[in-house]
Amino acid sequence: MILSWLTNRRARRRPCTPADLQAGTPTVHLEGEAKAAIETGRNRVVMAGMIFALVFLVLGGRLIELMVFKSTGEPVVDRTTALLQRLEQPHVPARGAIVDRNGVLLATSLPVAALYADPRQVLSAQDAAAKLVGVLPDLDQAAVARELASGKSFVWLDRDLSPRQEYAVNALGLPGLYFHDEERRVYPEGRLAAQVLGYTDIDGHGIAGVEKYFDARLRDPALRGTPLALSLDVRIQHAVRDELAKSVSTFTAKGGAGIVLDVRTGEVLALVSLPDFDPTHASEATPDERFNRATLGVYELGSVFKTFTLAMAINSGKATMTSGQDATHPIHIDRFTISDDDAKRRWLSIPEIYMYSSNIGAAKTALDVGPAGQRAFLGKLGLLRKASIELPEVGAPLVPREWSTIATMTIGFGHGISVSPLQFTDAAAAMVDGGLLVPATLLKRMPGAAVPAERVISPATSNDIRRLMRLVVAYGTGRQAAAPGYLVGGKTGTAEKVGAHGYRRHANVASFIAAFPIIAPRYVVMIVLDEAHGTKATHGFDTAGWTAAPTAGRVITRIAPILGVPPVDENAPDIERALYVQLPPGDIPAQDRLPATDKREKKVAFN
Amino acid sequence: MIALSRTDTSVVGRWWWTVDRWTLAALGLLIALGCLLTLAASPAVAQRIGLDQYHFVRRQFAFLVPALCFMFGASLLTPLWVRRLGLAGFVFFLLLMALTLVMGSEIKGAHRWLYLGGLSLQPSEFVKPCFAVVSAWMFAEQRRVRGFPGNLIAIVLVLVVAGILLMQPDFGMTVVIVAVWLTQFFLAGLPMVLLALGGGVSAAGLGGAYFLSPHVASRIDRFLDPAVGDTYQIQRAMEAFQAGGLFGRGPGDGLVKSVLPDAHTDFIFAVAGEEYGVFLCLVIIAIFAFIVLRSLSRLLSENNLFILLAGTGLIAQFGLQAIINIGVNLRLMPTKGMTLPFISYGGSSLVALALGMGMMLALTRTRPSLRGEL
């Protein structure tokens with residue numbers, strides 16, 4: 001039946017016949033009826049056409065209203081542009097980056113998402129928790145399910161989600177889950193400058209180190225787009241940390257500190273404290289790891305302090321390079337005895353006092369200047385107040401409450417006063433840099449910027465100190481710090497640490513202060529080892545000449561080429577002449593015995 | 001091709017002299033504009049979702065080949081063959097459409113697509129023109145053959161089609177198909193009273209959809225009060241039209257295509273407005289209006305009811321789809337996923353529309369007489 005309609009064969013072959021008109025069989029309608037139908041159709045097509053035309057006119061009118069007269073019937077805020085800017089512009093973090101002096105990234109903020117939920121909108125807490133744990137395996141499924149079933153209107157689920165994790169959670173298509181844009185602080189160089197950089201809390205507020213000191217600067221909307229440039233140089237920092245870590249390990253020390261300072265600008269190129277930690281995971285660090293031995297720790301540094309005693313005496317005219325002290329007998333004062341380890345038991349010239357590290361000589365020289373002069377001098381060097389450095393972790397020096405005669409004498413060889421390695425280094429830089437004290441800084445100084453400087457000793461005194469320091473490395477206790485070609489000058493210091501019952505015999509602080517090239521110093525290097533122990537290679541010696549001095553020497557060998565310091569011929573006549581120090585006849589050959597005589601620089605013993 | 005002689009009696013020659021060349025030219029212009037706008041809008045979308053930037057362009061241009069073949073091929077047919085093609089196509093694609101319910105893949109919450117050997121196919125797009133032909137035939141047959149239950153069959157068929165579409169669910173398609181079907185019924189002599197009743201039933205259907213389907217309810221709520229919910233796409237489209245103004249931002253300089261997920265499909269008109277300004281938009285509307293009104297006027301001189309109904313159904317479907325798409329873009333209607341014929345990206349839509357317009361061209365060809373043929 002249908003087929004025949006489809007082809008219409010019957011209609012074609014058999015036009016209307018009387019039989020078709022009988023009831024019960026399909027018939028073709030009368031011609032007039034068909035005409036009426038098509039007429040109705042045509043009339044209504046005209047209606048449809050009119051409606052279409054009208055609607056198209058409305059569309060055109062609306063288009064003109066919208067595009068020409070810019071009317072949408074409601075205020076439209078142009079968010080397209082803003083959206084695009086967000087898509088196209090680099091992410092401007094809420095917390096600025098920190099870079100080293102060459103622009104190497106030390107700290108930056110990455111966008112992360114925090115996941116929270118409105119449990120009232122969650123369809124099935126169990127199902128949602130199972131799916132969430134599938135993409136965030138660190139979550140505890142039971143705890144998440146409990147939170148999602150709590151019926152509260154807001155619960156935190158997870159933080160620090162990477163964009164990939166955020167996408168995975170989104171792809172689950174679970175209703176009621178939301179993200180809050182956050183940032184996470186990361187430290188690409190890891191442990192390298194941990195104590196300098198510090199760290200932030202989970203909300204991005206600095207709570208230690210530079211992060212805390214410059215917290216406002218790093219979050220300032222006007223400044224955070226520009227990275228904070230530190231004075232550090234990651235290459236120098238790495239060399240110092242590497243060598244210091246080797247020594248801490250070799251000598252099984254509790255820890256150590258290492259500093260490299262530009263003597264002309266006061267910029268800290270390296271500041272290392274060991275043990276250290278990864279600031280990205282600061283919460284896992286122990287208090288000892290977080291402790292900054294270079295700035296927060298204060299130590300009796302021992303013989304390295306003799307540098308200041310002699311500079312003070314020479315600068316005040318109480319001593320010259322040819323004057324000296326009688327060191328024949330130990331000094332007995334009150335309950336104390338001051339003696340020399342490698343006692344010469346004779347008169348010693350100023351260079352000899354420094355080279356042999358004579359406590360008797362240094363004590364008497366300090367006494368020549370007197371308590372008031374010493375206090376004033378050390379005050380001028382900034383050793384009696386907290387160091388001014390851009391860190392919150394700065395230790396206050398421990399100074400005598402009463403500046404007595406005996407205090408003056410012990411301070412003369414570095415006991416009875418505790419200072420931080422950083423402030424010591426800054427003061428030592430002034431000793432070798434023509435007598436100008438430049439405040440140490442962790443911020444990069446722009447080239448050509450004025451450097452604040454204060455004269456503390458005369459250039460002539462500074463010249464004498466340079467020659468004395470060279471003497472120590474050339475012939476004295478610091479010979480292992482020699483970095484051939486780089487003309488190192490320095491001074492050793494080994495101080496027993498104070499315990500509950502006085503000084504502890506086998507717990508000392510070994511330090512070495514070095515400057516190079518000593519003929520016109522550019523950089524000072526300070527190495528401090530906390531409770532270093534002797535090894536077979538050092539014949540059991542744990543003194544600075546065997547521990548801190550070689551560390552400093554290796555550091556200088558590594559960093560001098562990076563810093564662009566060219567090696568020189570150390571035996572060139574003009575250099576020898578500039579550094580010449582007159583010693584009593586027959587004194588120099590004693591150098592051959594020096595390693596053996598480099599005994600513990602025990603300065604004070606209880607009677 | 002233009003050089004065909006009047007006396008050329010080959011198939012192509014007769015086609016050329018009898019087809020509505022003005023509509024043909026308008027359709028060609030529309031397709032060319034579609035290519036231009038696909039080039040404008042789709043690379044940004046492709047890039048954003050991580051595809052090769054000419055991914056959509058290549059696919060659209062590839063679909064253009066079968067689409068043009070279908071259109072040309074269908075326009076060669078006689079009205080009788082149009083009817084046969086409509087019936088065969090309707091049966092075939094109705095089955096496929098039913099299949100989507102069982103084995104369709106879910107995209108954005110609906111089962112509308114079938115995957116056949118690497119090609120994705122939306123059968124409902126093809127059901128649309130074929131059903132217009134079939135229902136036209138049924139309405140015409142009711143008038144022509146006494147006792148033939150054409151209206152009843154048409155009613156049953158529209159219920160089946162609408163039922164399957166609502167199960168997918170695809171409200172937009174349902175609205176278009178039912179509206180076209182009602183138009184045809186109206187043209188076939190449906191009394192005004194019944195038309196009012198049909199309109200009432202449709203309104204009730206929309207109301208039911210509003211209350212029964214949260215999806216539709218939220219769309220309509222958001223249209224009536226933009227503050228209710230997320231009107232992201234339509235807000236971006238409004239900004240695009242305003243930014244476009246008289247002369248547009250300039251080709252390629254549009255911004256909205258980078259932030260609109262459907263910039264290359266449902267919102268391509270907004271991209272056109274932003275980049276090329278009000279004039280191109282008016283030209284597009286004028287082309288649509290021209291094709292619809294010219295085809296309707298040609299159908300007026302038609303003596304056969306089937307041709308009148310089928311032609312009007314096909315052209316109404318074409319026009320309605322354009323009106324809904326542009327209306328949504330201009331925020332005159334609630335958001336409804338509907339392609340802009342021959343301009344939006346979409347393979348199934350393009351080929352199916354080409355088929356529909358091909359059949360329409362076949363029906364509006366000038367022919368001496370149909371006496372005895374239908």
Side-chain angles (χ1 to χ4, degrees), chain A residues 2 5-8 11-13 15 20-21 23-30 33-53 55-60 62-68 70-74 76-81 83-84 86-88 173, chain B residues 48 80 83-84 87 137 140-141 143-148 183 186-189 226 235-236 238-246 255-256 258-259 273 277-278 281-282 285-286 288-289 292-293 296-297 299-305 308-309 312 316 319 322-323 326-327 330-332 372-374:
Chain A
I2 288 287
W5 280 321
L6 186 65
T7 59
N8 241 340
R12 199 162 53 209
R13 289 180 186 163
D20 291 335
L21 294 171
T25 46
T27 64
V28 176
H29 284 215
L30 292 174
E33 204 175 329
K35 271 214 167 117
I38 198 88
E39 210 48 50
T40 314
R42 276 187 197 146
N43 288 338
R44 293 187 175 184
V45 165
V46 174
M47 279 175 69
M50 277 157 53
I51 292 171
F52 266 111
V55 173
F56 279 118
L57 280 178
V58 168
L59 290 182
R62 166 72 172 169
L63 201 62
I64 289 168
E65 178 196 16
L66 201 57
M67 297 183 73
V68 182
K70 317 262 179 186
S71 152
T72 60
E74 78 219 31
V76 168
V77 191
D78 179 14
R79 277 172 52 214
T80 304
T81 320
L83 277 163
L84 276 171
R86 250 180 59 191
L87 285 174
E88 285 167 6
Chain B
R48 200 189 43 238
L80 179 62
R83 201 165 73 188
R84 290 170 180 167
L87 181 67
W137 180 28
E141 214 62 9
R143 305 286 170 282
R144 201 175 65 85
V145 182
R146 188 183 299 278
F148 183 81
T183 308
F186 166 67
L187 256 52
Q235 290 296 327
R236 299 294 82 72
M238 290 295 98
E239 291 165 20
F241 283 117
Q242 292 200 320
L246 276 179
L255 303 177
V256 74
S258 303
V259 294
V278 71
C281 290
L282 287 176
I285 292 181
F288 280 115
V292 170
L293 297 179
L296 285 180
S297 80
L299 287 167
L300 272 182
S301 57
E302 194 51 65
N303 278 317
N304 183 287
L305 190 59
L308 184 77
L309 295 180
T312 312
I323 286 169
I326 295 174
L330 296 174
R331 207 172 181 278
L332 289 170
E373 203 184 325
L374 274 176

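Here is the naming used below: chain letters follow the sequence lines, and residue numbers restart at 1 for every chain. What you see below is based on every heavy atom in this structure, not just the backbone, and it leaves out hydrogens, waters and symmetry mates.
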For B:Gly277 and A:Met67, the nearest pair of non-hydrogen atoms, with its separation, is C-CE, 3.4 Å
When the 4.5 angstrom heavy-atom criterion is applied to B:Ser297 and chain A, the contacting part is neither
If one checks every heavy atom of B:Val278 against chain A at 4.5 Å, the contacting part turns out to be both
Shortest non-hydrogen pair, B:Gly189 vs A:Thr40, comes out as CA-CG2, 4.2 Å
Looking only at heavy atoms, the pair that brings B:Gln242 and A:Leu66 closest together is CG-O, 4.0 Å
Cut-off 4.5 Å, heavy atoms of chain A, and the answer for B:Ala316 is both
If one checks every heavy atom of B:Leu330 against chain A at 4.5 Å, the contacting part turns out to be both
Ranking B:Leu300, B:Leu309, B:Ile285, B:Leu299 by heavy-atom pairs under 4.5 Å to chain A gives rank one to B:Leu300
When rounded to the nearest 0.5 Å, the distance separating SG of B:Cys281 from CD1 of A:Ile64 is 10.5 Å
Carefully, step by step, assess A:Leu59 and B:Leu332 under the rule side-chain contact (heavy atoms from CB on, under 4.5 Å).
CA-CA 9 Å; A:Leu59 290 182; B:Leu332 289 170; 3.8 Å; yes
Applying a strict 4.5 Å limit to non-hydrogen atoms, the region of A:Val45 in contact with chain B is both
Looking only at B:Asn303, B:Thr312, B:Thr183, the option with the highest number of non-hydrogen pairs under 4.5 Å against chain A is B:Asn303
When the 4.5 angstrom heavy-atom criterion is applied to B:Ala289 and chain A, the contacting part is both
Which is it for B:Val292 and A:Phe56 under the side-chain contact (heavy atoms from CB on, under 4.5 Å) test, yes or no, and what are the steps along the way?
-> CA-CA 10 Å; B:Val292 170; A:Phe56 279 118; 4.1 Å; yes
Cut-off 4.5 Å, heavy atoms of chain B, and the answer for A:Met47 is side chain
With sequence neighbours left out, the residues meeting side chain to side chain contact (heavy atoms under 4.5 Å, CB included) with A:Ile38 are A:Arg42, B:Leu305, B:Leu308
